[in-house]
Protein chains: 2
Amino acid sequence: MKLREVITEDQKKFARYAKAMGHPIRMYILDTLSKQSCCYSGDLSEVLPIAKSTLSQHLKELKDAGLIQGETEAPKIKYCLNRENWKEARNFYQKFLGD
Amino acid sequence: MKLREVITEDQKKFARYAKAMGHPIRMYILDTLSKQSCCYSGDLSEVLPIAKSTLSQHLKELKDAGLIQGETEAPKIKYCLNRENWKEARNFYQKFLGD
DNA sequence: ATCTTTGTTCGTATTTTTACGAATAACGAA
DNA sequence: TTCGTTATTCGTAAAAATACGAACAAAGAT
C-alpha cells in the first residue's frame, strides 16, 4: 500500500533543476552559457580555480540535470544550454516566484 | 596574494537560493507558502511523510537561506515567505533565465 | 604508428546533506 | 506548579556531493 504522494512531479523536476543551479561554479557556467551561445571545457578551465576533473564533474551534473548539452568537436567538446529545458525552467520559475 | 575571483557575489547568492530550492520537500514547502500566506510546521508535518525533526531541519535551511521567516505564536511558529528576498530571487532568475 | 591535445573517468578522501528518534524548550491551560 | 501541546535541538548514522591527481580515451597531426 502506497502512501498518498504529496510531492508533485513538477516539484521534483524543478527541485532537480534548482539543485543543479545550487553551486557557485555551476551558476557561473550557466551564466556564461546564457550570455554567449557556447563554450569549451578548456575555456572554463582556464578561468576557474578548480581541477579539470572537478570541472568535468560539474559539467556532467548540469548535463544529467538537463540544463546543458555537449557536442563532440574532437578533440574538444562544445557545451551549450539545453534551450528546451531552459525554457521550461524559465516558465516554471516565473510562475513559481510570482506574478 | 589572492587569486582573481571569477565567481561573482550574485552567482554565489543565487546559487545559495537555488540550493535551498533544490530538494523536493523544500520545494513543496515554498510552493505551499507561495500559494497561501503562511502556515505552521504542524500543517506541513501532517501531510509530509518525514519525521518532524527532519521537517524542522528543512525549515531551518530555508530560513538560513533567507527564503522564509518564522514568527513565534506560541506554542506554534508561523512560517511565511521572506517577501523581500523572494522578490530579489524573482528579479534575478527572471533575468538569468531569459527574456 | 606515435605524439599531442583535450577532456573524461577512476579511485579516493573529506565534507555536507539527509534522516531518524530521544531529549529538550517554550508557553498556555488547568 | 504541573500538564499538554508544539516544535526545535541533539546525537548519530548513512548517503551524497565535492575535490584532487593519476590513468585513460578519442581523434587529428606528424
Side-chain angles (χ1 to χ4, degrees), chain A residues 3 5-7 11-30 32-33 38-80 82, chain B residues 3 5-7 11-30 32-33 38-80 82:
Chain A
L3 264 188
E5 189 55 82
V6 292
I7 311 284
Q11 283 160 353
K12 285 181 201 163
K13 174 192 279 183
F14 295 104
R16 180 108 169 70
Y17 287 163
K19 189 177 177 184
M21 294 191 284
H23 189 286
I25 294 280
R26 294 196 293 266
M27 204 67 195
Y28 173 88
I29 295 169
L30 292 172
T32 298
L33 288 177
C38 293
C39 76
Y40 299 100
S41 175
D43 303 337
L44 298 167
S45 187
E46 263 172 24
V47 99
L48 289 171
I50 55 172
K52 282 182 179 186
S53 53
T54 304
L55 174 57
S56 263
Q57 246 176 205
H58 284 303
L59 288 167
K60 180 168 160 36
E61 293 237 357
L62 289 170
K63 205 167 41 172
D64 288 352
L67 290 176
I68 68 171
Q69 56 199 167
E71 187 187 339
T72 290
E73 212 173 80
K76 298 184 176 183
I77 295 177
K78 189 171 72 176
Y79 284 103
C80 317
N82 181 325
Chain B
L3 264 189
E5 189 56 83
V6 292
I7 311 284
Q11 283 159 354
K12 286 181 200 162
K13 175 192 280 184
F14 295 105
R16 179 108 170 71
Y17 286 162
K19 188 176 177 186
M21 295 191 284
H23 188 288
I25 294 280
R26 293 196 294 266
M27 203 68 194
Y28 173 88
I29 294 170
L30 291 172
T32 298
L33 287 178
C38 294
C39 76
Y40 299 99
S41 174
D43 303 338
L44 298 166
S45 187
E46 263 172 25
V47 97
L48 289 172
I50 55 172
K52 283 182 178 185
S53 53
T54 304
L55 174 58
S56 264
Q57 244 176 205
H58 284 303
L59 288 168
K60 179 167 161 37
E61 293 237 357
L62 289 170
K63 206 168 39 170
D64 289 351
L67 289 177
I68 69 171
Q69 55 200 166
E71 188 186 338
T72 291
E73 212 171 78
K76 299 183 175 184
I77 295 177
K78 189 172 72 176
Y79 283 103
C80 317
N82 180 326

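Fair warning: this is a prediction, and the values are worked out from it, not measured in the lab. Letters A, B, ... mirror the listed sequences (proteins, then strands); counts begin at 1.
Distance, A:Tyr79 OH to C:dG7 P: 8 Å, rounded to whole Å. Between the P atom of C:dT16 and the NE2 atom of B:His58 lies a distance of 18 Å, rounded to the nearest Å. In this structure, CG of A:Leu62 is placed 12 Å from P of C:dT8, rounded to the nearest angstrom. If you take CD1 of B:Ile50 and P of D:dA15, they are 18 Å apart, rounded to a whole angstrom. For the pair A:Asp64 CG and D:dA17 P, the interatomic distance rounds to 11 Å; values are reported in whole Å. As rounded to whole Å, 18 Å separates atom C1' of C:dT8 from atom CD of A:Glu71. Across the protein-nucleic acid pair, A:Glu73 atom CD and C:dT5 atom C1' stand 14 Å apart, rounded to whole Å. When the P atom of C:dT17 is taken as reference, atom CZ of B:Arg16 falls 9 Å away, rounded to whole Å.
Counted within 6.0 Å of NZ on A:Lys12, heavy atoms from surrounding residues, nucleotides or ligands total more than 12; the atom is thus considered enclosed.
In this model, no side-chain donor or acceptor of A:Ser56 finds a partner on the base of C:dG7 within 3.5 Å. You'll find a donor-acceptor pair under 3.5 Å spanning the side chain of A:Gln57 and the base of D:dA19, going by distance alone. With hydrogens and angles ignored, no donor-acceptor pair closer than 3.5 Å exists between the side chain of A:Ser41 and the base of C:dG7.
In this structure, A:Lys19 reaches the D:dA17 phosphate: one of its side-chain N or O atoms is under 4.0 Å from OP1 or OP2. Under 4.0 angstrom from either OP1 or OP2 of C:dA19 there lies at least one side-chain N or O belonging to B:His23. Note on A:Lys52: every side-chain N or O is 4.0 Å or more away from OP1 and OP2 of D:dA19.
Nearest heavy atom pair, residue B:Arg16 against residue B:Asp64, reads NH2-O, 3.4 Å. When every heavy atom of B:Leu33 is checked against every heavy atom of B:Cys80, the shortest pair comes out as CD1-C, 4.1 Å. Considering all non-hydrogen atoms of both residues, A:Gly66 and A:Asn82 come closest at O-CB, 3.2 Å.
When each of A:Thr72 and B:Leu59 is assigned the nucleotide of DNA chain D with its nearest heavy atom, B:Leu59 is the one assigned upstream, toward the 5' end. Remark on DNA chain D: of its neighbouring residues A:Ser53 and A:Pro75, the 5'-side contact belongs to A:Ser53, judged by nearest-heavy-atom nucleotide.
As judged by a 4.0 angstrom heavy-atom cut-off over every strand, B:Lys63 is placed among residues making no nucleic acid contact. Looking at heavy-atom distances under 4.0 Å, A:Leu55 makes no contact with the nucleic acid at all.
Between A:Met27 and B:Ile7, every side-chain heavy-atom pair lies at or beyond the 4.5 Å cut-off.
Distance from the side chain of A:Arg26 is smallest to D:dT18 among D:dT18, D:dA7, D:dG21.
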